[in-house]
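Every chain is numbered from 1 and lettered A, B, ... according to where its sequence line falls, protein lines coming before strand lines.
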2 protein chains.
Amino acid sequence: MKLDSQQLARVAALFRAFAEPTRLAILQELKSDELAVSEIVDRLTTSQANVSKQLKLLHDAGVVSRRKSGTTVFYTIADPMVFELCRLVCDKLNRDAVKPSKIRF
Amino acid sequence: MKLDSQQLARVAALFRAFAEPTRLAILQELKSDELAVSEIVDRLTTSQANVSKQLKLLHDAGVVSRRKSGTTVFYTIADPMVFELCRLVCDKLNRDAVKPSKIRF
DNA sequence: TCACTAAATAGCCATTTGGTTATACTTGCA
DNA sequence: TGCAAGTATAACCAAATGGCTATTTAGTGA
């Protein structure tokens, strides 16, 4: 079964959501908790505007969900596949590493 | 367990290898067979130079292996995690799709 | 209505990157 | 040697994108 170019583009787009350190950092913070945008901003070292932008990207990709309460917006990981994906990738990096320094999302 | 920014960068870099349609198309061709560069070029619609470039990228990421025989170079998928990753992503896309049109790598 | 807070968006810039064409490199063979 | 075939690399360009600052939008309460 071969994917056509349009389907490959959709697959690539979903992978791209995970292909930036800042977005991974956001997902890492969301791993344990549902968090407000401002809480994520506090935990990272980038601007509120950038966090909002990356959250929108993750949301458009279906990776996170939003919940609005008053003026604050809470985000959660929308699909547990995120954890499986990151586990697969970390496992591979650990296998490939010369020096054994385990990383795990 | 939290990854520091350097580790997040490595994870992101590996995801990035999968984040482009052309590279996914190459991997899709390699799914069943070991192939020479020229055979991949014949199966896709891009230049030999571009295929070489993307293969180098995939090789640097540890995703494909090379084997040289005379002047021709054969590439294979280096790690079966590729298939698991693509399966997870395709499954999610299928779950999210409004119209049920199953895609599978 | 006004002020305040939280989040999203607009506009901009520097960097990255996928693709191309042209060229170099390497191996096998006449 | 010399030539041809298969890959890889160089140089370049246009498009995409991550990040910033500034501004706008939306909800809350005095």
**Study point:** Presence of Lys56(B) side-chain N/O under 4.0 Å of dA8(D) phosphate oxygens OP1/OP2
**Key:** no

**Study point:** Mutual orientation of the aromatic rings belonging to Phe15(B) and Phe15(A) [parallel < 30°, tilted 30-60°, perpendicular > 60°]
**Key:** tilted

Practice item. Send over the distance from Asp42(A) CG to dT5(C) P, rounded to a whole Å. Key: 15 Å

Review point. Mapping Ala36(B) and Lys53(B) onto DNA chain D by nearest heavy atom, which one lands closer to the 5' end?
Key: Ala36(B)

Exercise for review: Nearest whole angstrom, please: distance from the P of dT21(D) to the CD of Gln48(A).
Suggested key: 12 Å

Exercise for review: For Leu58(A) and dT17(D), give me the distance from atom CG to atom P, rounded to whole Å.
Suggested key: 14 Å

Review point. Does a nitrogen or oxygen in the side chain of Thr22(B) sit under 4.0 Å from OP1 or OP2 of dG19(C)?
Key: yes

Practice item. Give the rounded distance in Å between these two atoms: CZ of Phe74(A) and P of dA8(C). Key: 12 Å

Point to revise | Shortest side-chain distance from Arg23(B), nucleotide among dG18(C), dC20(D), dT21(C) | key: dG18(C)

Review point. Do Arg67(A)'s NZ or CZ and the ring of Phe74(A) fall within the cation-pi criteria of under 6.0 Å and 45°?
Key: yes

Exercise for review: In plain terms, say whether Asp91(B) and Arg95(B) are close enough for a salt bridge, that is, a side-chain N and a carboxylate O under 4.0 Å apart.
Suggested key: no

**Study point:** Linked, directly or transitively: Leu57(A) and Val82(A) (ILVMFWY side chains, under 4.5 Å)
**Key:** no

Practice item. Answer yes or no: does a side-chain N or O of Ser52(B) lie under 4.0 Å from OP1 or OP2 of dT7(D)? Key: no

Exercise for review: Give a yes/no on whether any side-chain N or O of Tyr75(B) is located under 4.0 angstrom from OP1 or OP2 of dA8(D).
Suggested key: yes

Exercise for review: For Leu55(A) and dG18(D), give me the distance from atom CG to atom P, rounded to whole Å.
Suggested key: 13 Å

Exercise for review: May I ask you to evaluate whether Thr46(B) reaches the phosphate of dT20(C), defined as a side-chain N or O under 4.0 Å from OP1 or OP2?
Suggested key: yes

Review point. Under 4.0 Å between a side-chain N or O of Thr72(B) and OP1 or OP2 of dT27(C)?
Key: no

Exercise for review: Taking only the side-chain nitrogens and oxygens of Arg16(A), find out if one of them lies under 4.0 Å from OP1 or OP2 of dT17(D).
Suggested key: yes

Review point. Which residue lies toward the 5' end of DNA chain D, Thr71(A) or Ala19(A), if each is placed at its nearest nucleotide?
Key: Ala19(A)

**Study point:** Distance, rounded to the nearest Å, where Gln54(A) contributes CD and dA7(C) contributes P
**Key:** 16 Å

**Study point:** Distance in angstrom units between Leu44(B) CG and dT20(C) C1', rounded
**Key:** 16 Å

Review point. Could you give the CG-to-P distance, from Asn50(B) to dT7(D), as a whole number of Å?
Key: 15 Å

Review point. Looking only at atom types and distance, does a side-chain atom of Gln7(B) sit under 3.5 Å from a main-chain N or O of Asp4(B), one as donor and one as acceptor?
Key: yes

Check your understanding: With sugar-phosphate meaning primed atoms plus P, OP1 and OP2, does Leu57(B) contact a base, only sugar-phosphate, or nothing at under 4.0 Å between heavy atoms?
Key -> sugar-phosphate

Review point. Does the side chain of Ser38(B) get closer than 4.0 angstrom to OP1 or OP2 of dG6(D) through an N or O atom?
Key: no

